[in-house]
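Structure, as structure tokens:
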Amino acid sequence: MARFPFSAIVGQDEMKQALLIAAVDPSVGGVMVFGDRGTGKSTAARALAGLLPPITAHQNCAYGGSKEDAERYPDVCGGGPLRKRPVPFVDLPLGATEDRVIGSLDLERALRSGEKGFEPGLLAKAHRGFLYIDEINLLEDHLVDLLLDVAASGENVVEREGLSVRHPARFVLIGSGNPEEGELRPQLLDRFGLSVEVRTPTDIETRVEIMRLVAANERDPQAFAAKWAGEDEKILKQIARGKKRLEKLEPGEDVLTDAAHLCLAVGADGLRGELTLMRAARALAALKGAKAVRREHLIAVAPSALRHRLRRDVLDETGSTVRITRAIDELFG
Amino acid sequence: MSGSAPDPLHDAIRAAQLFIQNPTLFGGMVLRGASPARDALVAAIGEALPTRRLPGHVDDERLLGGIDIAASLAAGKPIETAGLLAEAQGGVLVVPMAERLDEAVAGRLAQALDDRRVALVLLDDGIEPEDAPPAALTERLAFLCDLSQSREWRGVELGAKASGEAAPLSDDALGAIATTGAALGVPSLRPLIHAAEAARAHAALEGRKEVAKPDLEAAARLVIAPRATQLPPQEPPPEEEQEPPPPPPESSDTPDDTDMPSPEQLEEMLVEAAAASIPRDLLEQLVNGKTPKRGASGTGQKRKAGLRGKPLGARAGMPRGGARLALIDTLRAAVPWQGVRRRERDADPDAPILMRKEDLRIRRYEEKAARVTIFAVDASGSAAAARLAEAKGAVELMLAQAYVTRSEVALIAFRGENADLLLPPTRSLTRARRALAELPGGGGTPLAMGLNAARELARSVTGKGRTPSLIVLTDGRANLDAGGQPGRKQAGEDAEVAAKAIAREGYDALVVDISARPGREGQELAANMQARYLALPRADAKALHSAISTNMREPA
């Protein structure tokens, strides 16, 4: 199916914002999307990947390695001339085995020629792109552990079956899931940078709008893509500008204090919350072309950056989002 | 379409006719309930479209293609095989016993559906409402047809494909579909998109260029109604103040019957048509105020292939379906034969090791089956409301631990004339909390009914490869029999029968006597169930939880 243009996605502003932040600054960590089926979670993630400009990679490199990668990991990159290729988007299927994910002994080579070789897995494929996991809460815990580990370190280290391989694997991890069907361990959740909640739009008008757009895309994908190309281009430029601006932005003392106060007020565990909050606010400021990171940026990203880090009280029905907005209102009026 | 309901086969045939117009767009069909009519329908689809059958135990290699190890070893060079997905490209995969479909396979199929590579026909032979194909798939297929009530027996002709194409739907028509979805509680957008396309396909079949009322009705009936989670509000659905977008310009240039009524009328009629065609069993559940769980929760950690756990050593076998090659053992198996094989093949002495299929060894792991703790809670008047609070607390504490022990929790409450499964096996705190909040109390004690419900659940849990543990919280004083009729004597006898049935199946069980003065009844019940007995006249949730933890066996 043809990719749906990112700019044609109706509503879902929080998810779009989180994805754009991750695109500008992958170091915020992955994005976790909670929501029901059929709310356009994977459509948005896919659309963003399709939007990004192609990467330059060595032609024979199974990892899509850049020039720098080839220098850092000379023994795994296949080399070859530098060629453009689209930003990878890997859709991790439910029930993928560890072998498929991290890579494994190349059986064919081992059996045929007795050579020990490494067959790259999905992590290698996702390098410099996106790794999307639908229903991540149903994935085996040890696999989620592994994924988050690699996502954080940017490197996949394989030590098994007599293999010893290190290869680059920097990607934006996007997980999605429906909390009704089993939850993610809090420890794992905490390691996602941002988390957003998507709901299916309930007003009829929006739903009609979505149905109309999807039908139009269905009938003539090319024409539809052409129609939205201008808008998509704008977003693309915004991301590129944001990336450049990011280095120049350094949050001031006042914003840092705000962040600390907010985390304290909502009882977000650990330092990771503060760190992510700052990074996300900075990325948003860069995205918006602001001259400095301001409180408004902080407030805009606070729910996404903190809602999954609040200590949970089994008996407290109040949603995390409500608790955060309440704290924001109290602190900053 | 009200009045005497036509046989469900009619709608299924209609759905199939729409489906074959554009298989990958619609994703496919779920055909529930085995019957000769269904076989005829599948055969008819097979005549219209290229179909392949997908065996339920298919592994990744067969599904996606790859190196055929056995053939490669025999030939001495790599031999690739195409996967079933590739072979069925653009056609239809028929999946028998779809309710038992492996999650991993379902994940692959869902991706293939999203990429429009194949369409699926899921044959669902499930009997219980919870026995349903994975929701990740049913969500992506346009047509859900329940043929279990079908009494017809005849050959099926689907007819030809439509020659023309209908124009896209007007905003009013889309709005009517969206309203229908909202009225029947269908949150996902996929069914609405499918319904819109179904209406177009229906119009094309009827030879219309524009979508008309009967097309929309058919779409509502075939796509939206089977997914209803609520009945439409009694009042005509609240008009979400639709600021009239450019008033319907396409006035009647189509003849009489297919005239488009005003947007409001259209919405109303569509909601009615959809509501009238909600399948009967679904309707019953809705009327009883239950949210149908069809397929919604079929996605738990059902089964884990032998991929983890304590290593057990290797055995001969093919490294497929996730099983991993035990390299050292494979080599060890191959080495003694090298001399013979070299002579046989005339290989030169420097040739690499000669492998054969029978050398391959795969790793085995011993894995603990996940445990499902089933609470059967006496919520009758005699068991006092305070008990319920304790049971609730204990369930929540068990759930909080579920991550550590990888166990799940289920809850059955029995009171009055019912034994209800309030919480199907789950690890989800969100769901558990909601189910517990809704737990009512009061009424008689249908102990036999509660025990039977617990036993049935335990059996279905076992069927899914997990280990059930039963925890019955009651005072043991039954006063309603297995049919829900009052009468202490019959009730006692029925409870004894039910308890002994549990003992026969050999489930790990614990009876927690929660009466204020623990007595003979509880102990007898435990004895009949061959369960351990625990008297907890004054327990709080924590005490109950710790008592349960120390009293239950470790999962086998």
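First the proteins, then the strands, lettered A, B, ... as listed; each starts at 1.
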What are the two closest heavy atoms between [X] and [Y], and how far apart are they?
| X | Y | result |
| --- | --- | --- |
| Ile204(A) | Gly175(B) | CG2-O, 3.9 Å |
| Leu25(B) | Glu218(A) | CD1-CD, 3.3 Å |
| Ala178(B) | Val208(A) | CB-CG2, 4.1 Å |

Check your understanding: Any side-chain heavy atom of Leu169(B) sitting closer than 4.5 Å to one from Met211(A)?
Key ->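 No - every pair of side-chain heavy atoms lies 4.5 Å or more apart.
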Practice item. Name all residues meeting the side-chain hydrogen bond (donor to acceptor under 3.5 Å, both in side chains) criterion together with Glu197(B); count only those two or more places apart in sequence or in a different chain, and write none if there are none. Key: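 Residues passing side-chain hydrogen bond (donor to acceptor under 3.5 Å, both in side chains) with Glu197(B): Arg200(B).
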Review point. Pick one: which of Leu174(B), Leu192(B), Thr179(B), Ile177(B) meets side-chain contact (heavy atoms from CB on, under 4.5 Å) with Arg207(A)?
Key: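 Per the side-chain contact (heavy atoms from CB on, under 4.5 Å) rule, the option paired with Arg207(A) is Leu192(B), out of Leu174(B), Leu192(B), Thr179(B), Ile177(B).
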Check your understanding: Given that the side chain runs from C-beta out, which part of Arg219(A) has a heavy atom under 4.5 Å from chain B: side chain, backbone, both or neither?
Key ->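 Just its side chain gets close to chain B.
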Point to revise | Over 12 non-hydrogen atoms of neighbours within 6.0 angstrom of NZ in Lys125(A) | key: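 Open: at most 12 neighbouring heavy atoms sit under 6.0 Å from NZ of Lys125(A).
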Point to revise | From Arg108(B) atom CZ to Asp91(A) atom CG, the distance as rounded to the nearest 0.5 Å | key: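 Between atom CZ of Arg108(B) and atom CG of Asp91(A) there are 10.0 Å.
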